[in-house]
Amino acid sequence: MEIPEMILTQALAKHYSSSIHLELNSVLKKLESKKLEDFLNGERKEEMRTIDNEIRYIITTNVYNNQKSESEKVEVIAQIIFTITEYLRKGLSGGDVRAILIFLGVNCYLQIEIERLLSKKELEDVYTKPVSEKVTEILKSIRLETKPLPDAPYHEKEMMSESLDGFTQNNIAKTYRLIEGIELNGRGFHFNFLLEHLITFLYRVNFPRFINALSYLQNPSDFVFYFQSFKKEDLLKIANESSLSNKWLNFEIIRQLLKKDTEENIDEFEVDVLKNVLNRIGHSDFEFLRQTATYFQRSRLFNASLGVFLVSASDTQIEEVVSDFVLSESSSNLTSRNTLREHFVKSASDVQFDMIHRLVFRKWKNYFDSILASADFYQNKLLLTDFSEFVLYYHTHLTKDNDLLSAMENLIEKITFIDSEWTTSKMQQTTRFHLYYSELFLLTFAYRNKRLNNPQMLAKYDNLISDRIQFSRYNSTETKNSFEQGKLNIDWTKEYEA
């Protein structure tokens, strides 16, 4: 829940002249005698949980479920803000981390940005340095361990062992299988909310020292814990920090940003930020970068960033990344891979343009040839894959006109005489029909893009799709529709006649 902005604004303006909230102050006094360890391990201690419940009840009753008039709500919220701000200022002026933790223990329910409670001067390094240094030392001393319980099922212990091995081997997929499993099951990595808020506090009051604290982290689970609560705009600020060289840290920044990406449109600023993160990973360990590119292959935002990154990569590096591309029977990633291509060609040189299209086409062709030769693969509809746009543009720009026409004629002949082609089974024959036509379908778009005009080609294609016997044996509704689209592509001049 959030405090309505109008009420919060009024309460913030009024709290300077307000007074202590007596009930809340009485509860917070109990915390002043507690040790630092009591706060950091508070979720394990009954007394600390009891005090936390009392705080939550006071906030819920006085802030969110308050049925009084607006002016009365403003008054009580102003008192609460006045009460906790006293602890915040005490923590900053005296380097008192316990006072900061008391403040955070209340503000975690209010969610008021620290910048709205302090002046710009109070947030200068000279004022925040003492407590920031102490918070950094505390964070450095804490060991965040993810381990299965003694009575955990065998498969959980196996996942933990695999994750540890994966980290040692620099294997992202093995390492993150456990992490993503934990995130999908219950609370995830939210096992110490006060510590999470302390991390966010350091980010807010002294960003350079927050960045310094990150340099002491090593394990992926540490990065997950640190970044999981940050908003997208905060993660972008962190991601722009050029000094962050740890490849696992940079990987987790990308992962958190992509998890929080809900925009339909690609934000070019975010593309540039992620490209910079990829630069850091690639500079540190290019093999790790290749794994990263595979891991996030479904994300449009990531593909856009990868496309921009590849423009600055060497020819060898481009070839290595393309060699890892996964071609599948569906086109589920078509939009994402189109986004990669579009962002790459915006800035690529002519040589780079030709290179990436040749590499992808060669990979696509090898994939098609391998399944054509397979007796077990079955396909009863078009097989375009996620890289159909690359193949289309390869033929449009890199295949000579005569070679394109010859390829189309060859495929038309193969489809026409598919029954004369020896296959091991009806299944393989059906598969070949659809594979031949999938390639021909893409070639009709290249024909259209090249503005070719060959009456004989139109006649041959028209004869092909007019074969009712063959249509009844092989064609689905989808194939029929694509036949019609192919004819429109070849007969493109009609658009201008109309």
Side-chain angles (χ1 to χ4, degrees), residues 1-119 122-123 127-128 130-131 134-135 138 192-198 200-202 204-205:
M1 297 178 68
E2 293 183 357
I3 305 172
E5 180 58 33
M6 183 178 296
I7 291 178
L8 178 57
T9 300
Q10 293 179 55
L12 285 168
K14 192 173 185 178
H15 89 276
Y16 296 102
S17 59
S18 189
S19 58
I20 292 289
H21 188 281
L22 297 178
E23 185 183 9
L24 178 60
N25 189 60
S26 176
V27 175
L28 299 185
K29 287 292 184 183
K30 300 176 188 178
L31 294 172
E32 292 184 3
S33 61
K34 301 301 178 184
K35 297 178 180 178
L36 195 60
E37 293 77 12
D38 295 330
F39 287 94
L40 299 178
N41 297 314
E43 295 183 10
R44 303 177 190 174
K45 296 178 178 293
E46 182 65 31
E47 185 183 2
M48 297 296 287
R49 289 201 301 270
T50 300
I51 295 173
D52 179 62
N53 287 334
E54 291 175 356
I55 293 171
R56 183 167 60 248
Y57 176 79
I58 292 171
I59 299 303
T60 302
T61 303
N62 290 277
V63 178
Y64 301 116
N65 294 338
N66 190 333
Q67 301 302 315
K68 296 180 180 180
S69 67
E70 182 175 305
S71 61
E72 289 175 306
K73 288 181 184 178
V74 169
E75 178 62 38
V76 72
I77 294 173
Q79 289 178 356
I80 290 172
I81 293 174
F82 178 87
T83 303
I84 64 170
T85 305
E86 290 293 294
Y87 284 98
L88 174 59
R89 289 198 165 91
K90 177 184 177 183
L92 288 174
S93 63
D96 188 342
V97 178
R98 285 189 306 169
I100 296 297
L101 289 169
I102 293 173
F103 160 77
L104 294 174
V106 182
N107 196 49
C108 66
Y109 298 115
L110 295 171
Q111 294 294 307
I112 302 174
E113 295 175 346
I114 291 175
E115 294 87 343
R116 303 184 71 173
L117 298 172
L118 300 171
S119 66
E122 288 175 305
L123 287 170
Y127 295 103
T128 63
V131 75
K134 289 185 179 180
V135 170
I138 291 170
N192 191 321
F193 286 95
L194 196 54
L195 185 57
E196 284 185 65
H197 284 286
L198 188 62
T200 305
F201 169 81
L202 181 60
R204 293 291 179 196
V205 302

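Heavy atoms only: backbone and side chains are in, while hydrogens, waters and symmetry mates are out.
When the shell of 6.0 Å around NZ of Lys30 is examined, it contains more than 12 heavy atoms from other residues, nucleotides or ligands. Annotation for Glu72: atom CD counts as buried by contact number, over 12 foreign heavy atoms lying within 6.0 Å.
The shortest side-chain heavy-atom distance between Phe103 and Ile114 falls under the 4.5 Å cut-off.
No option in Leu104, Val205, Ile100 other than Ile100 meets the side chain to side chain contact (heavy atoms under 4.5 Å, CB included) test with Leu88. Between Tyr109 and the options Val63, Asp52, Ile58, a side chain to side chain contact (heavy atoms under 4.5 Å, CB included) holds for only Asp52.
The residues Arg89 and Glu122 are annotated as salt-bridged, a charged nitrogen and a carboxylate oxygen being separated by less than 4.0 angstrom. Electrostatic pairing of Glu70 and Lys73 does not count as a salt bridge here, judged by no charged N lying under 4.0 Å from a carboxylate O.
Contact record, Lys35 with Arg98: C-CD, 4.3 Å, taken as the closest heavy-atom pair. Residues His15 and Ala78 approach most closely at CB-O, 3.4 Å, considering heavy atoms. Contact between Tyr16 and Phe82 at its shortest, heavy atoms only, is O-CE1, 4.3 Å. Here the shortest heavy-atom pairing between Gly105 and Ile55 reads O-CG2, 3.9 Å.
Partners of Glu75 by side-chain contact (heavy atoms from CB on, under 4.5 Å), not counting sequence neighbours, listed by chain and number: Lys14, Ser18, Gln79.
For the pair Thr83 (side chain) and Asn25 (backbone), a donor-acceptor distance under 3.5 Å is absent.
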### Steps toward side-chain hydrogen bond (donor to acceptor under 3.5 Å, both in side chains) verdict (Tyr87, Glu32)
CA-CA 10 Å; Tyr87 284 98; Glu32 292 184 3; 2.6 Å; yes
### Query
Are Arg116 and Thr9 close enough, and set up right, to give a side-chain contact (heavy atoms from CB on, under 4.5 Å), and what steps lead you there?
CA-CA 9 Å; Arg116 303 184 71 173; Thr9 300; 3.6 Å; yes
